[in-house]
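Here's the structure, in C-alpha cells; my notes come after.
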Amino acid sequence: MTESGSKLRIFKILKIIISSLLITVLLLFTIAAIRTLSLDVNAGLQLAHWEKTNNKSLVIDHHQREELLANFKEAIRIPTVSFSNTESNTTALLEFDRFLRKAFPTVFSSSLVHHELVGNYSHLFWVKGSQPELVPYMLLAHIDVVPASESDGWEAPPFSAKEIDGFIYGRGTIDDKNSLMGILQALEYLLLKGYAPRRGFYIGLGHDEEINGLNGAMNIVRVLKQRGVQLLFVMDEGLTISDGIIPGLEGPAALIGLSEKGQAAVKLSVSVAPGHASMPPRETSIGILATAVKRLEDNPMPRLFGYGPEGDTFEHLAHKFSFPLKFIMSNLWLFSPLLSRILERKPVSNAFVRTTTAVTFFNAGVKINVIPSLAEAYVNLRIHSAQSVEEVLDIIKDTVGDQRVKVELVDGFDPLPISGADEKAFGFQIIKKTVLDLFPTVTVAPGICIGNTDSRHFVDLTKNIYRFSPAWFKPGDPERFHGINERISTKNYEEMIVFYFNLIQNCDIRKLPEPHSSVHEL
Ligand SMILES: *[C@@H]1O[C@H](CO)[C@@H](O)[C@H](O)[C@H]1NC(C)=O
Ligand SMILES: *[C@@H]1O[C@H](CO)[C@@H](O)[C@H](O)[C@H]1NC(C)=O
Ligand SMILES: *[C@@H]1O[C@H](CO)[C@@H](O)[C@H](O)[C@H]1NC(C)=O
Ligand SMILES: [Zn+2]
C-alpha cells in the first residue's frame with residue numbers, strides 16, 4: 001500500500017468516526033431536549049380529589065399569638081444541653097418536663113391522650129384514633145440542644161429567647177424545639193377545638209438526640225416494639241424549606257429527606273519497635289501513618305452522584321432551574337459525571353457526591369528524644385447511599401496500601417434505607433399536600449440528609465421515614481444550625497404550628513386518592 005493511499009484511508013475512517021460522533025451527540029441532544037420540555041410539573045396527586053378531613057381550621061388571634069410565643073420562649077430558656085456523650089443537664093430536662101405539663105394542660109389531661117416518660121426524660125404520647133383499623137403514624141422531635149456560649153459572638157444570649165426584629169434568638173429555635181413545640185401546640189389547639197382523630201398517632205420526644213439517642217429514641221423504639229406497634233410512617237426533623245440557597249434554583253424548595261448518609265469511625269494505627277532519636281530508622285511510625293493519611297486525602301472515595309436520592313432531588317427540581325441548568329438537571333443520565341465534578345469543588349455540595357473522609361484525630365509521641373512505638377489516627381466517614389460500611393472499609397485498606405498500617409472499624413452503620421416518594425407513599429404525599437396547601441409557591445422534592453437524626457432508630461417499625469420540618473432557611477441560615485445566632489421568625493414559628501395542625505388532620509384520610517394522569521391534565 002502506498003503512503004498516500006493509507007493517508008486517504010485514515011482520512012476516510014476519521015470522517016466516519018466524526019460523523020457518527022456528531023449523529024450520537026445530536027441524538028443525545030434531541031432526547032435531552034425532549035426530556036427538558038416534558039418535565040412533570042407536580043401534577044398527579046395535586047389535581048386529584050382528596051377526601052375532606054381538615055374540618056378544623058386555625059386562625060391565630062392576638063391572645064393565642066401572645067400565648068404561643070410565651071410558651072416557645074420559655075422552652076428556649078430551659079438549657080436542655082447535651083454536653084458530651086455521657087453528660088446532659090438533667091436538671092434542665094426535669095424542668096422541661098414540668099414546663100410541658102404547664103404549657104399544654106389539655107394535651108396532658110385529655111382522655112384521648114396517653115402520656116408516659118421513657119428513659120426518665122423522654123416523652124411518648126399516644127393519641128387514640130376513633131378507627132383502630134387505620135395504621136398509626138408517628139411524629140418525632142427532640143428536647144436536647146448542643147452547647148452554646150454567648151462569647152462565641154451571639155447577638156443575644158443563647159438561652160435568652162430574645163426577640164430582635166421579628167426573630168426569636170436562641171439555641172434550639174431551629175434544632176429542634178420549633179418542631180417539638182409546634183407539634184404540641186398544634187395538638188393543644190386541636191383538642192381545645194374538640195378534634196378527635198380517626199387515625200391514631202404517636203408523638204416521641206427524645207432527650208439525647210444530639211448524643212445519638214441511645215437512652216431516648218432507642219428506649220422509645222424498645223417500648224413500641226414490645227407492644228407490637230407498626231407505623232405507617234415516621235416524620236422527624238431533617239430538611240427544611242430552602243429559599244435562595246440552591247444556586248440557580250428559582251423559588252423556594254421543600255426537600256423531604258428520604259434517607260440519611262451512614263457513618264463509620266475508622267482507626268488507623270502503626271506499631272513499631274521503640275527507639276532512640278539519636279539513631280532513627282528511615283521511617284518512623286509517625287511518617288508511615290502520615291503517608292497513609294495523605295493517601296486518603298489525595299484519593300477521595302469514588303463519585304456516586306446520581307446513584308442515591310440526590311439524583312431524584314435534582315430531577316424533581318429541574319423545571320425550576322434557569323437554562324442551561326434546567327437542561328442539565330433534567331438529563332442527569334447524560335450529565336451526572338459533569339455535574340459531579342462541579343459539585344465536588346465545594347465541601348457542602350461534595351457531601352452529596354460521595355462518601356466523605358475526615359481525619360479527626362492524630363496521636364503519637366511522648367518525649368522529644370524517643371521514637372514513638374505507636375501512632376494512631378481516627379477517620380470519620382459519612383457514607384453515600386450507594387455504599388456500605390464494608391465497601392468503604394475495603395477501599396480505605398486499598399488506598400492506604402501498606403501492611404504496616406492497621407485499619408480497624410471502631411463503629412459505624414450503613415446508610416439508611418430509602419423511603420418511598422411515589423404516588424402511593426402515604427407519608428410523603430401527606431407531607432407534600434400539607435406543604436403545598438400552606439405554601440403554594442414552594443416546589444416539593446425528595447432529598448437526603450447528610451447528618452443523622454433520632455428517626456434512624458425506627459427502621460424496624462416502618463419502611464417510611466421522612467425528615468422534614470417547615471422551617472424556612474434563607475442564605476446565611478444553614479450556618480446557624482449548631483452555630484451562632486440560631487433563630488426563627490415569629491411568623492415562621494406560627495406557620496409551623498399551622499402546618500402540624502393541618503398535617504394531623506390530613507392524616508385522617510383513609511387512603512390516598514387515585515392520581516390523575518398528568519398526561520391527560522396537561
Ligand atoms: C369532616 O366532615 C365531613 C363532613 O363535612 C365528614 O364526612 C368527615 O368524616 C369529617 N372528618 C373527620 C375526620 O371528622
Ligand atoms: C442546667 O439547667 C439549669 C436549669 O434547669 C440551670 O440552672 C443550670 O445552670 C444548668 N447547668 C449548666 C451546667 O448549664
Ligand atoms: C433513670 O433513673 C434511674 C434512677 O435514678 C436510674 O437508675 C436509671 O439509670 C435512669 N435511666 C436512664 C435511661 O437514664
Ligand atoms: Zn436536631
Side-chain angles (χ1 to χ4, degrees), residues 73-103 116-124 139-152 154 157-161 170-183 203-223 226 234-240 255 257 260-261 263 416 447 449-458 465-471 473 477-483 486-488 493 496:
K73 290 176 183 175
E74 197 170 344
I76 299 299
R77 289 188 190 116
I78 304 174
T80 49
V81 177
S82 288
F83 298 107
S84 71
N85 276 5
T86 49
E87 208 193 337
S88 307
N89 188 336
T90 51
T91 314
L93 290 171
L94 289 175
E95 189 184 339
F96 201 81
D97 177 356
R98 289 193 299 275
F99 156 71
L100 289 181
R101 293 168 201 265
K102 185 190 71 172
E116 66 198 290
L117 282 175
V118 178
N120 296 347
Y121 311 107
S122 288
H123 296 256
L124 174 60
L139 306 177
L140 296 179
H142 64 89
I143 300 170
D144 65 326
V145 295
V146 294
S149 156
E150 191 180 355
S151 60
D152 291 338
W154 285 71
F159 298 101
S160 67
R171 183 56 91 223
T173 48
I174 49 175
D175 180 18
D176 181 38
K177 286 176 176 167
N178 54 338
S179 308
L180 186 155
M181 294 297 289
I183 292 168
I203 298 171
L205 311 177
H207 70 273
D208 59 353
E209 189 275 345
E210 299 291 359
I211 47 177
N212 297 323
L214 304 182
N215 288 313
M218 276 182 83
N219 274 317
I220 291 176
V221 167
R222 192 176 46 77
V223 166
Q226 275 167 2
V234 164
M235 180 174 170
D236 196 2
E237 62 166 341
L239 302 180
T240 59
L255 299 185
E260 295 172 18
K261 287 183 93 171
Q263 275 204 48
L416 277 289
C449 285
I450 55 175
N452 295 114
T453 70
D454 264 350
S455 68
R456 75 184 164 91
H457 300 298
F458 284 73
I465 300 177
Y466 302 103
R467 297 107 179 139
F468 174 75
S469 71
F473 274 28
D477 288 339
E479 293 84 332
R480 299 176 195 275
F481 201 83
H482 290 199
E486 185 177 343
R487 66 177 195 185
I488 191 169
Y493 178 59
M496 295 209 37

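Keep in mind that the numbers below use all heavy atoms, side chains included, and drop hydrogens, waters and symmetry copies. Counting convention: from 1, in listed order, for ligands and their atoms alike. Predicted model, so just to flag it, every value in this text is computed and none were measured.
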Judged by atom type as modelled, is there a donor-acceptor pair below 3.5 Å linking the side chain of [X] to the main-chain atoms of [Y]?
X    : Y    : value
D144 : E210 : yes
S122 : G119 : no
K177 : G172 : no
D236 : S455 : yes

- [ ] Assess the side chains of S160 and K73: does a donor N or O sit below 3.5 Å from an acceptor N or O?
- [x] no
Open item on the list: Regarding E260 and T453, do their side chains bring together a donor and an acceptor under 3.5 Å, going by distance alone?
Closed with: yes
- [ ] For ligand 2, would you mind listing the residues that have at least one heavy atom less than 4.0 Å away, ordered by chain and number?
- [x] P79, F83, N89, T91, A92, E95
Open item on the list: Is any side-chain heavy atom of H123 closer than 4.5 Å to one of H207?
Closed with: no
Open item on the list: Quick check: do N212 and R456 have side-chain heavy atoms less than 4.5 Å from each other?
Closed with: yes
Task: Under the side-chain contact (heavy atoms from CB on, under 4.5 Å) test, residues paired with T240 that sit two or more places apart - done: S469, A471, F473
Open item on the list: F96: which residues meet the ring pair (Phe, Tyr, Trp, His ring centres under 6.0 Å) condition with it, sequence neighbours left out?
Closed with: F99
Task: Within-2.8 Å protein N/O/S contacts of the Zn ion (ligand 4) - done: H142 NE2, D175 OD1, E237 OE1, E237 OE2
- [ ] Ignoring angles and geometry beyond distance, decide whether N120 reaches within less than 3.5 Å of ligand 3 through its nitrogen or oxygen atoms.
- [x] yes
